[in-house]
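The next block holds one structure in the form of C-alpha cells; read it before the comments.
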Amino acid sequence: MALLEVKNLEVCYGVIRALKGISFEVNQGEIVSLIGANGAGKTTTMQSIMGLIPIKSGTVTYDGQVINKIPGHKLVPMGMSQVPEGRRVFQEMTVYENLVLGAYAQKDKKKIKDDIDEICTRFPRLGERKKQVAGTLSGGEQQMLAMGRAMMSHPKLLMLDEPSMGLSPLLVDQVFEIIKDYHKSGVTILLVEQNAKKALSISDRAYVLETGAITMEGNAADLLNDESVKKAYLGE
Amino acid sequence: MSTIFDGLSLGAIYALIALGYTMVYGIAKMLNFAHGDIIMVGAYAIFTTLAAGGHIGLALVVAVVVCVVFGIVIEKVAYKPLRGSSPLAVLITAIGVSYLLQSVAQIIFGAKAQTVSMVSFGSMKIGSAEISIASVITLVVGAVIMAGLTLFVRNTRTGRAMQAVSEDKGAAQLMGINVNRIIMITFAIGSALAACASIFYLMQIPSTEPTLGSMPGIKAFTAAVIGGIGSIPGAMIGGVLLGVVEKICLSIPVLAPYTTAVEFAILILILLVRPIGLLGKKRREKV
C-alpha cells in the first residue's frame, strides 16, 4: 500500500511552472529516491508535500488521507517528518534545544528526555555537544542534528532533502549508513539527492526528475545500470 | 539620585513598550507602528474604568484585556492577509492602523486631553533624596514582568517555539509548530506589556489624549533599535538607557530643551558605530 501518493502535482512560482504535474508514490517500508540535477524541482516537491509552498493543482495523499488542505504543522503529529535542504537547524539554539523542538508535538517531558538520550546514542557527536550552540557545529554535525531533530517526532515517513550536500565523502557514507540503519527500524524513507549513485545504492525504487517532470522511474538497481542514467547522473 | 531613579522607572516604561516592537519584529519580521497607539487604547480603557468608579486593579485588568483583544484583532484583520507581501505594504498598513486608532479614539473621546483620576502615591525619603513611590512601583513591577518574560521565552514550550519561528519560519513549521498561532501569541504578549506600560505612564502623567501613544511609541521604538531590534534583552537595555538619559537631560537646565534631540543623537551615534544595535545579531547567510 502506498504510504505517500503524489498525483499530478503542479507548483508555480509566479508564471514559472516549477512542477508540471508529477506523480509518484512511496510504499510502506520502502526507500524511494527522487534524483535529478539542480533546479529540476526536487526541493520544490519536498516543500510542497509539507505545505511550505502552496500547490497549484494535484493531490498529495498520505496514509489514505488527502493532505493538500491540511496545514503543514499538523502533518508532523500524523507521522511525517522532513530534514530540509541546507539542514536549517536553529543556529542560535543549543543542540539540546533543537532536539526538544523536534519533539514539539510530544508533551510528555520524560518521553522527550528518553528520546534525546536515544538520539545521542545514535549520534554520539550530538551527545558530546548537547550544550553547544548549533551554529558553531561543523556541516556534518549540523546534518546529524537536522536528522536527529527530525527523528524526535517518531515519523512513519522520513523525508530527507539533499542530506549529502556539502559533506566530505567520508561523512556522506556515514549519513547514508544512518539512513539505512534508521530504515531498518521500520521507517519509510523518501530521499531527494543530487548524489544519484549513493541514493540509488540504498534505494528500492527511484524517480528521475528533469525540469519539473518525471522522465524515468524504476527499480534502483535497474536505474543504476541504465545507460542514459549513467551518462546524465552517474558521470560514467 | 532621585533623577537616576526616575530615569530607571521611565526606562522600564520604554522597555515594556520596546519589547512589543522587538518581539513582533523578531517573529513576524514587521515593524508594527501601531504599537504605540495600543498604549493609548490602554490609557482610555483605564480612564473609562476609573471614571465609572472602578478600582485601579480592575482598570489594569480591563486595560490588559482590551489591549490584547486589539492586538490580536489588528494582527488578524490588517497584517495576516499581508503575510508574504512586500515589507513596504505591511509598513504602510501599520501606519494606517495607527491613524485609524487615533481617529476612532478622537471620535469617541474627543481630541482634548482628559484627566485620569489616578490614585496619587506620593513620595518617600531615602536619605536626603525624595523618591516617588509611583517610580518605585513602576521599576519593581517592570523588572518582575521582564524577568518573567525572559524566563517564559527561554524555558517554556511556547517560548522555544517563538525563538524557532523568529529564526526560521519554515523550519519551525517542519517541527509541527503552528506559526500563525505563535505570531498571534506574540502580538497578544506585546499588547499586554503595552497595557502595563500605559498604567505606569498614567501614574507619572495622569492625562490621556488620542495621540498619547505617539511619543512614547517612537521613543520605545528608538530604544528597541538601540538595543538591536529583535533582541529581547536589547529592548530592555535600550529602554532603560533612553529613560535615564531623558531624565538626566531634563534635570540639567541647559540641556533640558534639547532632551529629545540628545536621545535621537544617541540613536544615530550607536547606529554609526554598530548598525545592528547594541545586542543585535548579524544573521549568517545560509549556504
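A note on names: the letters A, B, ... follow the listed sequences, proteins ahead of strands, and every chain is numbered from 1.
- Side-chain contact annotation: B/Ser9 with B/Thr138, donor-acceptor N/O pair under 3.5 Å absent.
- Using a 4.5 Å cut-off between heavy atoms, A/Val89 touches chain B through its backbone atoms (N, CA, C, O) alone.
- Side-chain contact, A/Glu85 with A/Thr43: a donor N or O sits under 3.5 Å from an acceptor N or O.
- Remark: of the listed residues A/Lys198, A/Glu193, A/Gln194, A/Glu193 is the sole one forming a side-chain hydrogen bond (donor to acceptor under 3.5 Å, both in side chains) with A/Ser164.
- Residues of residues 156-164 of chain B lying within less than 4.5 angstrom of chain A, judged on heavy atoms, are B/Arg157, B/Arg160, B/Ala161, B/Gln163, B/Ala164 in numerical order.
- Taking the six-membered ring where the residue is Trp, B/His35 and B/Tyr21 present perpendicular rings, their angle passing 60° and hence far from 30°.
- Checked for salt-bridge contact, A/Lys130 and A/Glu128 miss the test: no charged N lies under 4.0 Å from a carboxylate O.
- B/Ile199 CD1 to B/Leu60 CG: the interatomic distance, rounded to the nearest 0.5 Å, is 4.5 Å.
- Within residues 66-80 of chain A, the residues having any heavy atom closer than 4.5 Å to a heavy atom of chain B are A/Gly72, A/His73, A/Val76, listed by residue number.
- Screening residues 50-59 of chain A for side-chain hydrogen bond (donor to acceptor under 3.5 Å, both in side chains) gives A/Glu10-A/Ser57 as the qualifying pairs, with residues at least two apart or on separate chains.
- Using a 4.0 Å cut-off between a side-chain N of Lys or Arg and a carboxylate O of Asp or Glu, A/Asp161 and A/Lys42 do not qualify as a salt bridge.
- With hydrogens and angles left out, the side-chain atoms of A/Arg87 and A/Gln143 include a donor and acceptor closer than 3.5 Å.
- Not a single salt bridge (charged side-chain N to carboxylate O under 4.0 Å, His left out) links A/Glu25 to another residue, sequence neighbours left out.
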